[in-house]
Peer 1: 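Shown below is the structure under consideration.
Counting begins at 1 with the first residue of the sequence. Counting starts at 1 for both ligands and their atoms, following the listed order.
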Amino acid sequence: MESANPEKWVAGHVSTLPKSGIRDFFELVAKMKNEDVISLGVGEPDFTTPWHIREHAIYALEKGKTYYTSNLGMPELRQEISRYVSKHFSVDYRPEDQVIVTVGVSEALDLAFRAFVNPGDKVMYHQPCYVSYHPSIQLAHGEAIAVPTYAKDNFALTAEALEEAWQPGAKILMLNLPCNPTGGTCTKEQLEKIAAFAREKDLLVLSDEIYSELTFDGVHTSIASLPGMAERTIFLHGFSKAFAMTGWRIGYACGPAVLIDAMMKVHQYAMMCASIIAQEGALEALRHGEDAVARMREQYHRRRDLVVRRFNAMGLACHSPRGSFYAFPQTTGVGMDEKSFSVGLLKEEKVAVVPGTAFGHGGQGHVRACFATGYEQLIVACDRMERFIERRKN
Ligand code: PMP
C-alpha cells in the first residue's frame, strides 16, 4: 500500500498561503533566547493589564460566571461599548443589534471578510499594512488590491493613491488608521476625501481603529463619524492595545444592523461567543479604565519622541508616527536593505526589529521598531543600533 501523503489534504488556497514574515524572523529571535536580546519586534504592550480589570475578572470567576453569553456578547458590555464609541468616536450604535463582541479584532476581521466577500470580490487595502489583511482576504476567496502609502506623506493614505489603484468591481475598502506598521494616519481633511471616494465608488469600509487611543498628535477621527459613512462602515475595535489586554482576546465590531447580523451568522457557528471572563474584563475596562489608558499613552508618547530623535540622529530617516506604538525608519540611508539590517542587528547587537517587507513590498528599505518597551531598555536598544551603524561607517 502506498504511504499516505498528508499534504494532499490541505486545501489549495491554504497551501499557497505564505507564512507570516514576522514569524520567520521570530524563529530566529527564539533561537537566541539565552542571549540578552532586546525585542522591538512583537506589537504588544509591555504593560500588564491594569489591576482593577484583572481583579474584576477574578471576582467574576469567583462568583461562578462560567457560562456562554448571548452570541452577540453580554448586553451590559454592548451597552458600554455603545456609550464608549459614542463618547470617543462620535458615532451612535444601538447595543441591541449594531454591536457584536468578538474574540479580538482578529475575529472581527475574519467575520467581516467571510460575511461580505464573495469569491473574486475585490478588496482594497493600504500597504504596508498589518500582516493578516492580505491572507485573510485570500482565505475568504477575495482579490486583494494594494494601495501604496509613502514615507514622503508620513504614510498617510491619500485619495489620489486610492483613485489610481481602484479597479471596476472593487467592493470593500480596508482601513487601519493609525496604521500598523507605519504609525501613519490621516487628518480629518484627508479622511473626508477618502470618505468621498468610498461614497462615489459605493464601497463598504472596514475600519480597524485598534490604535486610535494611541494618537499622539492631533485628534483621532473615525471615518464612520463622517456624513453618510456610518451606513457603509464596519467600525472594528478592541482592547488589546489601549488597555494592554492582548491575551484576553476580546474586541468588537459596530455597524448597520443587517451587516452585523451577517457577521453574527458566521460568529454563532464558528465561535458562539467570546469568553465570558474576557467580556467581564472588557466591561470593567470601559467603565473605569480610561485613566490607565491615558497614563500608558503618555509613556508611549515619551518613548516615541525618544526613538524618533535617536533614529534620525543615527542616520535612520524616520517620520514621527502620529499614532500606534511603531516607528518605521528607513535603512537605505545607512546603506542597508531591511533584511540585512534586521538580521545583522540581531546577530551583532541583539536587537530585534522586523524587516518592513513582512508588511508588504511597500515596506522595502524600512524596518518596524515597536516602542512598547520600557524607556531605559529603549535607550540601550538605540545605543546598540548606533554602534551597529557606526561600525559600518569605518
Ligand atoms: N489589527 C491590527 C492593525 C493589529 O495590529 C492587531 C494586532 N497586532 C490586530 C488587529 C489584532 O488585534 P486583536 O488582539 O484585537 O485580535
Side-chain angles (χ1 to χ4, degrees), residues 20-23 25-26 39-47 49 53 73 77 81 84-85 100-113 123 125-137 139 144 149 155 157 173-186 205-215 220 222-223 234-254 263 267 270-271 274-275 278-279 281-282 285-286 289 293 300 321-328 354 356 358-360 362-363 368-373:
S20 159
I22 292 200
R23 290 297 137 206
F25 188 68
F26 278 93
S39 177
L40 310 184
V42 184
E44 172 152 39
D46 57 319
F47 300 106
T49 306
I53 298 174
L77 175 57
I81 289 170
Y84 184 84
V85 175
I100 181 169
V101 178
T102 56
V103 180
V105 174
S106 303
E107 193 216 350
L109 283 163
D110 181 53
L111 295 181
F113 290 133
V123 181
Y125 69 105
H126 51 101
Q127 203 232 59
C129 70
Y130 177 41
V131 289
S132 82
Y133 295 152
H134 192 145
S136 303
I137 295 164
L139 279 173
T149 59
F155 291 101
L157 173 65
L173 171 60
M174 175 79 236
L175 296 179
N176 173 220
L177 304 165
C179 173
N180 170 11
T182 63
T185 186
C186 289
V205 176
L206 307 180
S207 186
D208 176 350
E209 303 189 28
I210 193 165
Y211 294 102
S212 53
E213 286 88 350
L214 308 181
T215 298
H220 174 83
S222 173
I223 195 162
I234 300 289
F235 172 86
L236 304 160
H237 203 2
F239 298 83
S240 288
K241 314 293 171 169
F243 294 94
M245 292 177 69
T246 49
W248 296 70
R249 312 306 307 122
I250 187 88
Y252 54 93
C254 307
M263 289 171 70
H267 173 76
M271 202 62 69
S275 144
Q279 292 194 53
L286 293 181
V293 172
Y300 291 130
R322 288 183 51 217
S324 82
F325 40 51
Y326 306 107
F328 205 57
V354 184
F359 309 96
R368 188 188 78 174
C370 174
F371 50 84
T373 297

Peer 1: Mind listing the closest non-hydrogen atom pair of Thr102 and Ala274 along with its distance?
Peer 2: O-CB, 3.9 Å
Peer 1: So which heavy atom on Gly43 is nearest to which on Phe325, and how close?
Peer 2: C-CE1, 3.8 Å
Peer 1: So if I count the atoms of ligand 1 from 1 in the order they appear, which ones are less than 4.0 Å from some heavy atom of Arg249?
Peer 2: 13 (P), 14 (O), 16 (O)
Peer 1: In the protein, which heavy atom is nearest to atom 15 (O) of ligand 1, and how far is it?
Peer 2: Val105 N, 2.7 Å
Peer 1: At their closest point, which heavy atom of Met174 faces which heavy atom of His126, and how far apart are they?
Peer 2: O-CD2, 3.6 Å
Peer 1: With side chain to side chain contact (heavy atoms under 4.5 Å, CB included) as the test, would you mind laying out the steps for Tyr252 and His237 before giving the verdict?
Peer 2: CA-CA 6 Å; Tyr252 54 93; His237 203 2; 3.4 Å; yes
Peer 1: Which ligand 1 atoms are under 4.0 Å away from a heavy-atom of Tyr133?
Peer 2: 3 (C)
Peer 1: Parallel, tilted or perpendicular for Phe239 and Phe243, by the 30°/60° rule?
Peer 2: tilted
Peer 1: In terms of atom number and element, which parts of ligand 1 are under 4.0 angstrom from non-hydrogen atoms of Ile210?
Peer 2: 1 (N), 2 (C), 3 (C), 9 (C), 12 (O), 15 (O)
Peer 1: Of all the non-hydrogen atoms in the protein, which one sits nearest to atom 1 (N) of ligand 1, and at what distance?
Peer 2: Asp208 OD2, 2.6 Å
Peer 1: Closest non-hydrogen protein atom to atom 7 (C) of ligand 1, residue and atom name please, with distance?
Peer 2: Lys241 NZ, 3.0 Å
Peer 1: Could you tell me the residue and atom name of the protein heavy atom closest to atom 14 (O) of ligand 1, and the distance to it rounded to 0.1 Å?
Peer 2: Ser240 OG, 2.6 Å
Peer 1: Can you tell me which portion of Phe239 lies within the under-4.0 Å heavy-atom range of ligand 1? Options are side chain, backbone, both, or neither.
Peer 2: neither
Peer 1: Specify the protein heavy atom at minimum distance from atom 16 (O) of ligand 1: its residue, its atom name, and the distance to 0.1 Å.
Peer 2: Ser106 OG, 2.5 Å
Peer 1: How far apart are the closest heavy atoms of Phe359 and Pro181, and which atoms are they?
Peer 2: CG-CG, 3.4 Å
Peer 1: Closest non-hydrogen protein atom to atom 6 (C) of ligand 1, residue and atom name please, with distance?
Peer 2: Tyr130 CZ, 3.5 Å
Peer 1: Ser222 vs Phe235, test: side chain to side chain contact (heavy atoms under 4.5 Å, CB included). Steps then yes/no.
Peer 2: CA-CA 8 Å; Ser222 173; Phe235 172 86; 3.7 Å; yes
Peer 1: Test your reading of the model: is there a side-chain donor-acceptor pair from Asn176 to the backbone of Pro178, 3.5 Å cut-off?
Peer 2: yes
Peer 1: Using a strict 4.0 Å cut-off to heavy atoms of Asn176, name the atoms of ligand 1 that fall inside it.
Peer 2: 3 (C)
Peer 1: Taking only heavy atoms of Gly104, which atoms of ligand 1 are found under 4.0 Å from at least one of them?
Peer 2: 15 (O), 16 (O)
